Amino acid sequence: MGAGGQQQMPGQVGAAAQMMPPIPSNDDYASDPEVWDLVVVGAGVAGCALAHTLGKEGRRVLVIERDLSQPDRIVGELLQPGGYAALQKLGLQQCCDSIDAQKVYGYCMFKDGDEACIGYPSEGQSGEVAGRSFHNGRFVQRLRQEASAVPSVTMRQGVVKQLLDEEGREWEDGHVVTGVSYTSATTGPRGATGHLTVVCDGMYSGLRKRLSEPKISHPSYFVGLLLRSCVLPHPNYGHVVLAKPSPILFYPISSTEVRTLVDVPGEKLPSAATGALQVYLRSQVAPQVPPQLRDSFLQAISDGRVRSMQNKSMPAAPLHRPGALLLGDAFNMRHPLTGGGMTVALTDTQLLCDMLRPLPDFSDALLTANTTAAFYTRRKPLSATINTLANALYQVFCYTGDRAHEEMRGACFDYLRLGGIYSSGPISLLSGLNPRPSVLVMHFFMVAVFGIGRLLKPRPTCRGLWLGVLLLWGAAAIILPIIRAEGIRAVFAPWLVRKPAASAHRITRNSSRIALAGADRLR
């Protein structure tokens with residue numbers, strides 16, 4: 001259906017093939033320049049979008065990817081409208097064509113038999129406002145096709161081992177990053193020299209610790225099922241069930257398939273090998289699934305392909321390293337409940353490309369380093385809003401058994417059902433169309449005040465007042481630590497944040513050796 005069609009009725013077949021062919025690895029080493037403008041580690045969403053955009057501007061780009069065959073994942077399948085808008089600005093909206101992507105117009109929430117449907121806000125937006133959902137692997141392969149089709153982009157299969165300094169040795173602090181060493185799929189160990197190295201090798205990044213101070217938490221697991229020939233109660237909407245102990249998600253990923261993600265909190269998952277996970281899904285989860293979807297849900301369990309992945313959350317904590325930059329999930333992660341990961345990755349990529357565009361080239365290491373340092377600051381308000389919303393909503397939507405928390409959980413559901421600004425404000429944040437930190441904090445505490453007001457009706461009581469105090473305390477205990485982890489000044493007043501300064505002496509002294517190092521590595 002191309003750029004996103006309507007969900008079809010059971011029995012209709014999607015247009016896209018199940019698997020797309022691997023991207024050919026360009027192993028023509030003789031045509032490699034001595035020094036690449038850009039070396040990109042990882043050909044995922046961020047890496048491909050960055051390579052495509054800068055390559056079309058005439059930069060020589062090398063992309064090194066561990067595996068150029070189609071990925072097979074159960075997340076990264078929903079692109080919010082804000083992310084799709086960034087995709088359009090990057091000139092890559094055609095990547096949603098020919099993969100049977102579906103348009104998504106908003107969310108429907110279910111709690112204790114009640115429903116609340118919230119559409120994406122159209123006020124102030126030009127054209128149709130819709131996200132896109134699809135098979136992640138198909139979308140990534142389309143991005144790779146577009147990037148590799150740019151003449152100045154070289155897509156190569158290989159495993160990056162380490163960052164390199166100007167002497168060709170493993171990079172250590174105090175030096176400029178001048179490229180990477182990698183193992184080619186065809187010729188073995190090699191080196192690549194670049195004026196700028198961007199590491200975007202995903203949530204399992206092996207280079208992250210060299211460029212940041214990661215603090216990774218593991219709040220839960222997602223258990224993924226694929227429901228076939230199943231029509232959602234509200235087609236072309238994402239569905240969120242506020243179940244116990246944590247949410248269940250349903251959304252279309254093709255014209256005949258619906259993805260189900262069951263959140264299982266904690267750091268330990270029941271074993272699928274022993275059948276304990278399947279028993280948990282049938283006995284604890286299935287009774288809470290909307291009746292229209294329950295039979296398909298049970299059938300998907302019986303079909304046998306029950307998959308899982310551990311969710312990760314990691315605030316961005318970069319260490320400014322001249323010559324290198326982090327991007328995507330290697331840099332920053334949030335709970336995937338709200339589907340904000342690709343939106344952050346694409347908006348970050350768009351911002352980085354805009355900031356690098358005025359530079360005639362990247363050979364001026366000091367100017368490039370100052371630009372990448374400024375990028376880390378300028379991206380913060382938008383990304384922190386999406387991160388905070390995802391992590392806070394997840395905590396609110398989880399059932400804990402605490403009375404005050406349950407009052408807040410119910411207040412959030414009923415607040416969104418009010419419509420008007422009470423739903424359009426939060427959904428504009430979730431969609432990535434209006435990612436303003438002040439709007440997020442305002443609505444979060446408006447939900448708390450709304451919940452307190454309900455507790456004081458029809459007349460205030462001591463019990464109601466006490467629950468209200470606990471509700472407000474609980475709301476603050478959820479959102480304030482998240483904002484603190486993101487950085488209060490960076491989120492609300494980025495102009496007050498002291499940008500990490502690159503050492504002019506060190507960069508000037510080292511950058512003059514980059515070209516010589518590149519020539520040596522080509523020999």
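These figures come from a predicted structure and were not determined experimentally.
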Asker: To the closest 0.5 Å, what do you measure between CG (L352) and CZ (F375)?
Answerer: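 Answer rounded to 0.5 Å: 5.0 Å.
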Asker: Using 4.0 Å as the upper bound for N to carboxylate O, is an ion pair formed by R409 and E406?
Answerer: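 Yes.
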Asker: Do NZ/NE/NH1/NH2 and the carboxylate oxygens of E407 and R463 come within less than 4.0 Å?
Answerer: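 R463 and E407: not salt-bridged.
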Asker: Test of understanding: with ring pair (Phe, Tyr, Trp, His ring centres under 6.0 Å), list the residues that count as partners of Y120, not counting sequence neighbours.
Answerer: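 Ring pair (Phe, Tyr, Trp, His ring centres under 6.0 Å) check on Y120 returns nothing, list empty.
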Asker: Is it true that, when you exclude R436 itself, more than 12 heavy atoms of the residues, nucleotides or ligands shown sit nearer than 6.0 Å to its CZ?
Answerer: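 Open.
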Asker: Atom CZ of residue position F492 - does it have more than 12 heavy atoms of other residues, nucleotides or ligands inside 6.0 Å?
Answerer: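 Enclosed.
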Asker: Salt bridge check, K103 against E128: does any charged N sit closer than 4.0 Å to a carboxylate O?
Answerer: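 Salt bridge between E128 and K103, a charged N being under 4.0 Å from a carboxylate O: yes.
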Asker: How many angstroms lie between atom CD of Q88 and atom OH of Y84, to the nearest 0.5 angstrom?
Answerer: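 One gets 4.5 Å once the value is rounded to the nearest 0.5 Å.
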Asker: Hey, what do you get for OG (S254) to CZ (R138), rounding to the nearest 0.5 Å?
Answerer: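 Those atoms lie 6.0 Å apart.
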Asker: Once you round to the nearest 0.5 Å, how far does CG of L455 lie from CH2 of W466?
Answerer: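 Answer for the CG-CH2 pair, L455 versus W466, is 13.0 Å.
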Asker: Please check if the side chain of Q80 supplies one atom and the backbone of L78 the other of a donor-acceptor pair under 3.5 Å.
Answerer: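 No: the side chain of Q80 does not pair with the backbone of L78.
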Asker: Hey, is CZ on R484 packed in by over 12 heavy atoms from elsewhere, all under 6.0 Å?
Answerer: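 Check fails, neighbour count at 12 or below.
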Asker: Would you call P71 and N136 a side-chain contact if the rule is heavy atoms closer than 4.5 Å?
Answerer: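 In contact.
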Asker: Between CE of M355 and OG1 of T372, what distance do you get to the nearest 0.5 Å?
Answerer: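 So the CE of M355 and the OG1 of T372 are separated by 8.5 Å.
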Asker: Taking 4.0 angstrom as the limit, do K111 and D414 come out as a salt bridge?
Answerer: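 No, K111 and D414 are not salt-bridged.
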Asker: For the residue pair Y415 / H443, report whether a side-chain donor-acceptor contact shorter than 3.5 Å exists.
Answerer: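 The answer is yes; a qualifying pair exists.
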Asker: Under a 3.5 Å cutoff, is there a donor and acceptor pairing between the side chains of S383 and N387?
Answerer: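 No pair is found: no donor N or O on one side chain lies under 3.5 Å from an acceptor on the other.
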Asker: Taking the side chain as every heavy atom from C-beta outward, state whether V223 and L269 have any pair of such atoms under 4.5 Å apart.
Answerer: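 Contact flag for V223/L269 side chains = yes.
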Asker: Salt-bridge test for D354 and R379: reply yes if a basic N is under 4.0 Å from a carboxylate O, no otherwise.
Answerer: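 Looking at D354 and R379, the cut-off is not met.
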Asker: Please determine whether ring-ring contact (aromatic ring centres under 6.0 Å, His included) holds for the pair F250 and Y237, giving the CA-CA distance in whole Å, both sets of side-chain angles, and the decisive distance to 0.1 Å.
Answerer: CA-CA 9 Å; F250 297 86; Y237 275 70; over 10 Å; no
Asker: Quick one, P247 and V241 - any side-chain contact, counting heavy atoms below 4.5 Å?
Answerer: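 They are not in side-chain contact.
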Asker: Does the pair Y394 and N311 meet the rule for a side chain to side chain donor-acceptor pair (under 3.5 Å), with working shown?
Answerer: CA-CA 12 Å; Y394 175 70; N311 295 322; over 6 Å; no
Asker: Provide the closest heavy-atom pair for S428 versus G425 in the form atom of the first, atom of the second, distance.
Answerer: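 The answer is OG-O, 2.7 Å.
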Asker: How long is the span from the CD atom in Q350 to the CG atom in L382, to the nearest 0.5 Å?
Answerer: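 The distance works out to 9.5 Å.
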Asker: Pick from K312, Q310, M314: which one makes a side-chain contact (heavy atoms from CB on, under 4.5 Å) with M203?
Answerer: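 Of K312, Q310, M314, side-chain contact (heavy atoms from CB on, under 4.5 Å) with M203 is met by K312 alone.
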Asker: For Q141 and R144, which I'm curious about, is there any donor-acceptor pair between the side chains at under 3.5 Å?
Answerer: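 There is such a pair (donor and acceptor under 3.5 Å, judged by atom type) between the side chains of Q141 and R144.
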Asker: I want to check something: taking the side chain as every heavy atom from C-beta on, are Y221 and S246 in contact at a cut-off of under 4.5 Å?
Answerer: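 No, every pair of side-chain atoms sits at 4.5 Å or beyond.
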Asker: Check the side chains of Y251 and E77 for a donor-acceptor pair under 3.5 angstrom, ignoring hydrogens and angles.
Answerer: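 The criterion, which ignores hydrogens and geometry beyond distance, is satisfied for Y251 and E77.
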Asker: Going by an N to O cut-off under 4.0 Å, is there a salt bridge joining R334 and D329?
Answerer: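 Salt bridge flag = yes for D329 with R334.
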Asker: Could you tell me whether R307 and D72 have a side-chain N and a carboxylate O separated by less than 4.0 Å?
Answerer: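 Between D72 and R307 there is a salt bridge, with a charged N closer than 4.0 Å to a carboxylate O.
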Asker: Step by step, would you call Q299 with D295 a side chain to side chain donor-acceptor pair (under 3.5 Å)?
Answerer: CA-CA 6 Å; Q299 183 61 48; D295 289 344; over 6 Å; no
Asker: Verify the distance criterion only: is there a donor paired with an acceptor across the side chains of H335 and Q395 at less than 3.5 Å?
Answerer: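 No.
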Asker: For residues V45 and L143, report the shortest heavy-atom separation together with the two atoms involved.
Answerer: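 Looking at all heavy atoms of both residues, the shortest contact is CA-CD1, 3.8 Å.
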Asker: Is it true that the side chains of H135 and Q70 contain a donor and an acceptor less than 3.5 Å apart?
Answerer: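 Absent: no donor and acceptor within the cut-off.
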Asker: Is there a ring-ring contact (aromatic ring centres under 6.0 Å, His included) between F110 and H239? Walk through the geometry before answering.
Answerer: CA-CA 8 Å; F110 298 78; H239 292 54; 5.7 Å; yes
